[in-house]
Amino acid sequence: ASVDLTIDGSYSVGGDTSRAIARGTQVTVRNSGGSLAMTMNGQTQSMGTRFKLRRHQTSGNNGVRIAQARKPQNLYPGDIELIAKGGNVQIVVHVYMEDYMRGVLPYEMDNSFPLEALKAQAVAARTYALKKMSAQSSTYDLVDTTSDQVYNGTPAGNDRCVQAVQETSGIVGTVNGEYMASYYTASNGGQTESVRNAWGSGSYSYLQI
């Protein structure tokens, strides 16, 4: 019902530069009877049912830290949209693909893995995200859990993961001009199964035993 944010970058409320937010500012957003209330610098104002904290710079350390996130120390780069949903505050992060990849790769694999394995994972994860984006019509494209791909913002370090993302930037898998279904798993017991047997569909001819 309430989220606590720390601004660590160049941001404003709704893109209005006259409402710029200083780096280090603490912001609390609450759902108050179906409407959002934002408290900042000791003042509270009504924000309606949804609003954005817009980022104005993409270089360097520019993002928001979310106290209620699984990894509250990590930076979430991009525009932060806050939506009153039920009695809660829903957070949608609008993030560039390669920044998103830097937050996916360390949690779907590990920085200690061989570089070529990380590069293959980067291509698979990027392809998965873009395929979902091409089909989605909801408020957001992907969730940040294993229901889609784990995303915990952008952690510090992980140089090998960063290198894998950079060296595969923009590279995806396609079949007949369309994004392939690049499903993957961290633990399958050493076995795979035909997609027809698993999901009752044979539309992915390239997903076979």
Side-chain angles (χ1 to χ4, degrees), residues 3 5 9 11 14-15 49-59 62-66 68-71 74-86 88-110 117-155 158 161-186 188 195 198-207:
V3 296
L5 314 172
Y11 277 81
T49 58
R50 64 195 301 163
F51 72 99
K52 281 184 181 179
L53 300 177
R54 288 196 176 274
R55 186 174 67 156
H56 294 277
Q57 292 181 4
T58 59
S59 60
N62 267 277
V64 171
R65 303 185 197 278
I66 304 171
Q68 288 78 13
R70 290 185 298 271
K71 303 286 184 179
N74 288 355
L75 200 67
Y76 283 79
D79 293 346
I80 309 297
E81 185 173 14
L82 300 114
I83 304 168
K85 188 174 180 64
N88 297 319
V89 181
Q90 183 182 61
I91 302 176
V92 179
V93 181
H94 298 259
V95 58
Y96 287 129
M97 177 58 69
E98 301 309 319
D99 287 340
Y100 168 72
M101 292 303 307
R102 289 177 60 185
V104 168
L105 206 53
Y107 297 107
E108 288 291 356
M109 290 186 78
D110 186 86
L118 289 168
K119 288 164 69 173
Q121 176 64 59
V123 173
R126 187 182 293 109
T127 304
Y128 178 90
L130 287 167
K131 186 174 179 65
K132 285 294 295 282
M133 289 171 65
S134 68
Q136 290 292 96
S137 60
S138 66
T139 306
Y140 51 84
D141 298 304
L142 299 100
V143 297
D144 59 359
T145 68
T146 53
S147 293
D148 277 318
Q149 298 180 140
V150 176
Y151 175 69
N152 291 318
T154 305
N158 296 293
C161 286
V162 172
Q163 182 182 351
V165 170
Q166 291 174 337
E167 292 187 7
T168 62
S169 178
I171 298 176
V172 296
T174 63
V175 175
N176 297 325
E178 296 183 356
Y179 296 120
M180 69 177 292
S182 57
Y183 299 111
Y184 60 88
T185 176
N188 60 12
V195 68
W199 295 327
S201 169
S203 58
Y204 301 123
S205 60
Y206 48 90
L207 292 182

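This is a predicted model, so every value here is computed, not measured.
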A.B. asks: Roughly how far, to the nearest 0.5 Å, is CG of Leu142 from CG of Leu130?
C.D. replies: 9.0 Å
A.B. asks: Got a second to check how far Met133's CE is from Tyr128's OH, nearest 0.5 Å?
C.D. replies: 13.0 Å
A.B. asks: Within the structure provided, determine whether Arg102 and Val162 are in side-chain contact (heavy-atom separation under 4.5 Å).
C.D. replies: yes
A.B. asks: Do the side chain of Arg50 and the main chain of Glu81 share a donor and acceptor less than 3.5 angstrom apart?
C.D. replies: no
A.B. asks: Closest approach of Val95 and Pro77, non-hydrogen atoms and distance?
C.D. replies: CG2-O, 3.4 Å
A.B. asks: Once you round to the nearest 0.5 Å, how far does CD1 of Ile83 lie from OG1 of Thr139?
C.D. replies: 5.0 Å
A.B. asks: Test your reading of the model: is there a side-chain donor-acceptor pair from Asp79 to the backbone of His94, 3.5 Å cut-off?
C.D. replies: no
A.B. asks: Work out which heavy atom in Ile66 is nearest to a heavy atom in Leu5; give both atom names and the distance.
C.D. replies: CG1-CD2, 3.8 Å
A.B. asks: Can you tell me how far the CG atom of Asn62 sits from the CG atom of Leu75, to the nearest 0.5 Å?
C.D. replies: 8.0 Å
A.B. asks: Side-chain contact, heavy-atom cut-off 4.5 Å: Gln149 with Tyr184?
C.D. replies: yes
A.B. asks: Would you mind reporting whether Val93 and Ile80 have side-chain heavy atoms less than 4.5 Å apart?
C.D. replies: yes
A.B. asks: Taking atom CZ of Arg126 and atom OG1 of Thr168, what is their separation to the nearest 0.5 Å?
C.D. replies: 4.0 Å
A.B. asks: The test is side-chain contact (heavy atoms from CB on, under 4.5 Å); show your working for Asp144 and Val150 and say whether it passes.
C.D. replies: CA-CA 5 Å; Asp144 59 359; Val150 176; over 6 Å; no
A.B. asks: Tell me whether Glu98 contacts the main-chain N or O of Gln166 through its side chain, where contact means a donor paired with an acceptor under 3.5 Å.
C.D. replies: no
A.B. asks: According to the interplanar angle, ranging from 0 to 90°, do the rings of Tyr100 and Tyr151 count as parallel (below 30°), tilted (30 to 60°) or perpendicular (above 60°)?
C.D. replies: tilted
A.B. asks: Do you know which two heavy atoms are closest between Ala125 and Val104, and how far apart they sit?
C.D. replies: CB-CG1, 4.1 Å
A.B. asks: Looking at side-chain heavy atoms only, is the closest gap between Pro155 and Tyr107 below 4.5 Å?
C.D. replies: yes
A.B. asks: Using a strict 4.0 Å threshold on nitrogen-to-oxygen distance, state whether Glu178 and Lys131 make a salt bridge.
C.D. replies: no
A.B. asks: Grab the two heavy atoms, one from Thr154 and one from Asn74, that are nearest each other, plus how far apart they are.
C.D. replies: O-CB, 3.9 Å
A.B. asks: Looking only at atom types and distance, does a side-chain atom of Arg55 sit under 3.5 Å from a main-chain N or O of Gly9, one as donor and one as acceptor?
C.D. replies: no
A.B. asks: Using every non-hydrogen atom in the two residues, find where Asn152 and Tyr76 come nearest and quote the distance to one decimal.
C.D. replies: C-OH, 3.4 Å
A.B. asks: For Lys71, does the NZ atom have more than 12 heavy-atom neighbours from other residues, nucleotides or ligands under 6.0 Å away?
C.D. replies: no
A.B. asks: Does any non-hydrogen side-chain atom of Thr145 lie less than 4.5 Å from one of Arg70?
C.D. replies: yes
A.B. asks: Measuring from atom CG of Asn158 to atom CG of Asp110, what distance do you get when rounded to the nearest 0.5 angstrom?
C.D. replies: 7.5 Å
A.B. asks: Looking only at non-hydrogen atoms, find the nearest pair between Tyr11 and Gly63 and report the distance.
C.D. replies: OH-CA, 3.3 Å
